Amino acid sequence: MLDQQRLQLRAAFFQAIRIFFQDLGFLEVDTPVRQPLVIPEQNIAHVPSGTHFLQSSPELYMKRLLASGCERIFQICRCFRYGEHGRLHLEEFVMLEWYRLDADYNDLMLDCEQLFQFLGTEVAGCHFPVSLAGQWDRITVEQAFQNYCPVSVNQALQEDRFDLLLVEHIEPHLGGNIPTFLYDYPLELASLARPKASQPEVAERFELYMSGIELANGFSELTDSVQQRSRFEEEFNKMGLRDRAQRKMPEFFLRDLEKIDRAAGIAMGLDRLFMLLAGQDSLATAVTFSPDELDM
């Protein structure tokens, strides 16, 4: 359980984030925590809740709000992923997501820089473990594999070892002195990001790292519903015989996606960020109650 000092610090941290986005004209929204359908994603195990699932991300519903005419929205919400335990993983965690119409992933990187600088000046007691001054590091996924990994990114993909090699060889080098954006992911890992017009073999996707820890995942959004449907079908094939309820196509989302022209969105793990700012080494000591402190 957090002591009084860290409870106060955590409250100030969340309040400052809300002030930052409200000052930029973002609308705070909320979306259903219990969802009948989930984003088709082979690497995420969802938590059942009766006939529904607890959300792993508010992404589908926030994009539907974009399609309805919202231009800038943000949300701070609880998300859930079954079986995630460890120093940097909890089954229940706090996510910040924000979306912009008429924007791309470069705009989101600037948002990140401005948000962190705001937190650094506005939240007394929060201390970033790295410098925020100057231009933050940016490195493509291809270059990161060339610099730090014994195999190329293409070989890693062919051997289905991308995530393993990323964690073992690359992440420890990212964000050690200043935050680092790892960007331009292979199209095979585009998720819901659009292809890069000048380099169609990669997607306009980035992840933000600090002290070797991944904090955020941002996209220039894929707004082509035909391409998105095809990607979802690929995920279904990879998911095999998993629960049929997780294999239903989110038709309302795909219908609304067609109404979005150009947009960008990002998810940021706030428990991880608070852990770093509070000088903690584990999520268990950065959240109000750790899983070990709950009655079982």
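If you're wondering where the values come from, they're calculated on a predicted model, not measured in any experiment.
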Student: Closer than 3.5 angstrom, by distance alone: can the side chain of Glu235 be matched with the main-chain N or O of Gln42 as a donor-acceptor pair?
Tutor: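 Yes, because the side chain of Glu235 sits within donor-acceptor range (under 3.5 Å) of the backbone of Gln42.
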Student: Using the ring of each side chain (for Trp, its six-membered ring), is Phe253 parallel, tilted or perpendicular to Phe232, with breaks at 30° and 60°?
Tutor: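 Phe253 vs Phe232 ring planes: tilted.
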Student: Between Glu214, Glu171, His173, which is the residue that forms a side-chain hydrogen bond (donor to acceptor under 3.5 Å, both in side chains) with Tyr209?
Tutor: Glu171
Student: Is a donor from one side chain sitting under 3.5 angstrom from an acceptor on the other, for Thr31 and Gln75?
Tutor: yes
Student: Indicate yes or no for a side-chain donor-acceptor contact from Ser282 to the backbone of Ala284 under 3.5 Å, with no hydrogens or angles considered.
Tutor: yes
Student: Would you find more than 12 non-hydrogen atoms of other residues, nucleotides or ligands less than 6.0 Å from Glu293 atom CD?
Tutor: yes
Student: Check this for me: does any side-chain nitrogen of one of Glu59 and Lys63 sit under 4.0 Å from a carboxylate oxygen of the other?
Tutor: yes
Student: Going by an N to O cut-off under 4.0 Å, is there a salt bridge joining Lys196 and Asp184?
Tutor: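 So Lys196 pairs with Asp184 through a salt bridge.
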Student: Taking the side chain as everything from C-beta on, heavy atoms only, tell me whether Trp136 gets closer than 4.5 Å to Met210.
Tutor: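 When only atoms from C-beta onward are counted, Met210 and Trp136 do not touch, as no gap falls below 4.5 Å.
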Student: With a 3.5 Å distance limit and no angle check, can you tell me whether Arg205 reaches the backbone of Leu189 through a side-chain donor-acceptor pair?
Tutor: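 Confirmed, Arg205 side chain pairs with Leu189 backbone.
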Student: Are Leu60 and Leu27 joined in one hydrophobic group, where the rule is that I, L, V, M, F, W and Y side chains link up if heavy atoms are under 4.5 Å apart?
Tutor: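 Looking at the clustering, Leu27 is in the same group as Leu60.
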Student: Looking at Phe13, does the NZ or CZ of Arg10 lie under 6.0 angstrom from its six-membered ring centre and within 45 degrees of the ring axis?
Tutor: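 Negative - Arg10 is either too far from the ring of Phe13 or too far off its axis.
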Student: Using only atom types and a distance under 3.5 Å, with no angle test, would you say the side chain of Ser220 pairs donor to acceptor with the backbone of Arg194?
Tutor: no
Student: Between Glu91 (side chain) and Gly83 (backbone), is there a donor-acceptor pair under 3.5 Å?
Tutor: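 Side chain of Glu91 to backbone of Gly83: a pair is present.
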Student: Is a salt bridge present between Glu41 and Arg231, judged by a nitrogen-to-oxygen distance below 4.0 Å?
Tutor: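 Salt bridge absent between Glu41 and Arg231.
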Student: Take Gln117 and Glu113 through the side chain to side chain donor-acceptor pair (under 3.5 Å) test and state the conclusion after the steps.
Tutor: CA-CA 6 Å; Gln117 287 161 2; Glu113 293 180 357; 5.3 Å; no
Student: Look only at the side chain of Asp271 and the backbone of Val94, and say whether a donor-acceptor pair between them is shorter than 3.5 Å.
Tutor: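 A pair under 3.5 Å: yes.
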Student: Are any side-chain N or O atoms of Arg87 and backbone N or O atoms of Asp281, one a donor and one an acceptor, separated by less than 3.5 Å?
Tutor: yes
Student: Has Arg81 got a side-chain atom pairing as donor or acceptor with Ser56's backbone, closer than 3.5 angstrom?
Tutor: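 Side chain of Arg81 to backbone of Ser56: a pair is present.
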Student: Any salt bridge linking Arg262 with Asp104? Criterion: basic side-chain nitrogen under 4.0 Å from a carboxylate oxygen.
Tutor: yes
Student: Could you walk me through whether Ile266 and Cys112 pass the side-chain contact (heavy atoms from CB on, under 4.5 Å) test, one step at a time?
Tutor: CA-CA 10 Å; Ile266 179 171; Cys112 291; 3.6 Å; yes
Student: Pick one: which of Phe26, Phe14, Tyr99, Phe118 meets ring-ring contact (aromatic ring centres under 6.0 Å, His included) with Phe21?
Tutor: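 The residue from Phe26, Phe14, Tyr99, Phe118 that satisfies ring-ring contact (aromatic ring centres under 6.0 Å, His included) with Phe21 turns out to be Phe26.
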Student: Decide yes or no on side-chain contact (heavy atoms from CB on, under 4.5 Å) for Leu257 and Glu221, but give the supporting numbers first.
Tutor: CA-CA 10 Å; Leu257 193 62; Glu221 299 292 349; over 6 Å; no
Student: Do Cys126 and Leu119 come close enough that some side-chain heavy atom pair is under 4.5 Å?
Tutor: no
Student: Hey, is the main chain of Leu54 close enough, under 3.5 Å, to the side chain of Arg78 for a donor-acceptor pair?
Tutor: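 Absent.
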Student: Do the side chains of Met268 and Phe219 join up, straight or via other hydrophobic residues, at under 4.5 Å, putting them in one cluster?
Tutor: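 Hydrophobic grouping puts Met268 apart from Phe219.
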Student: Are Phe145 and Phe162 close enough that their ring centers fall under 6.0 Å?
Tutor: yes
Student: Verify side-chain contact (heavy atoms from CB on, under 4.5 Å) between Leu273 and Phe128, making sure each step is shown before the conclusion.
Tutor: CA-CA 9 Å; Leu273 178 56; Phe128 282 90; 4.2 Å; yes
Student: Say whether, by atom type as modelled, one donor and one acceptor occur between the side chain of Arg72 and the main chain of Leu24 under 3.5 angstrom.
Tutor: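 At least one qualifying donor-acceptor pair exists.
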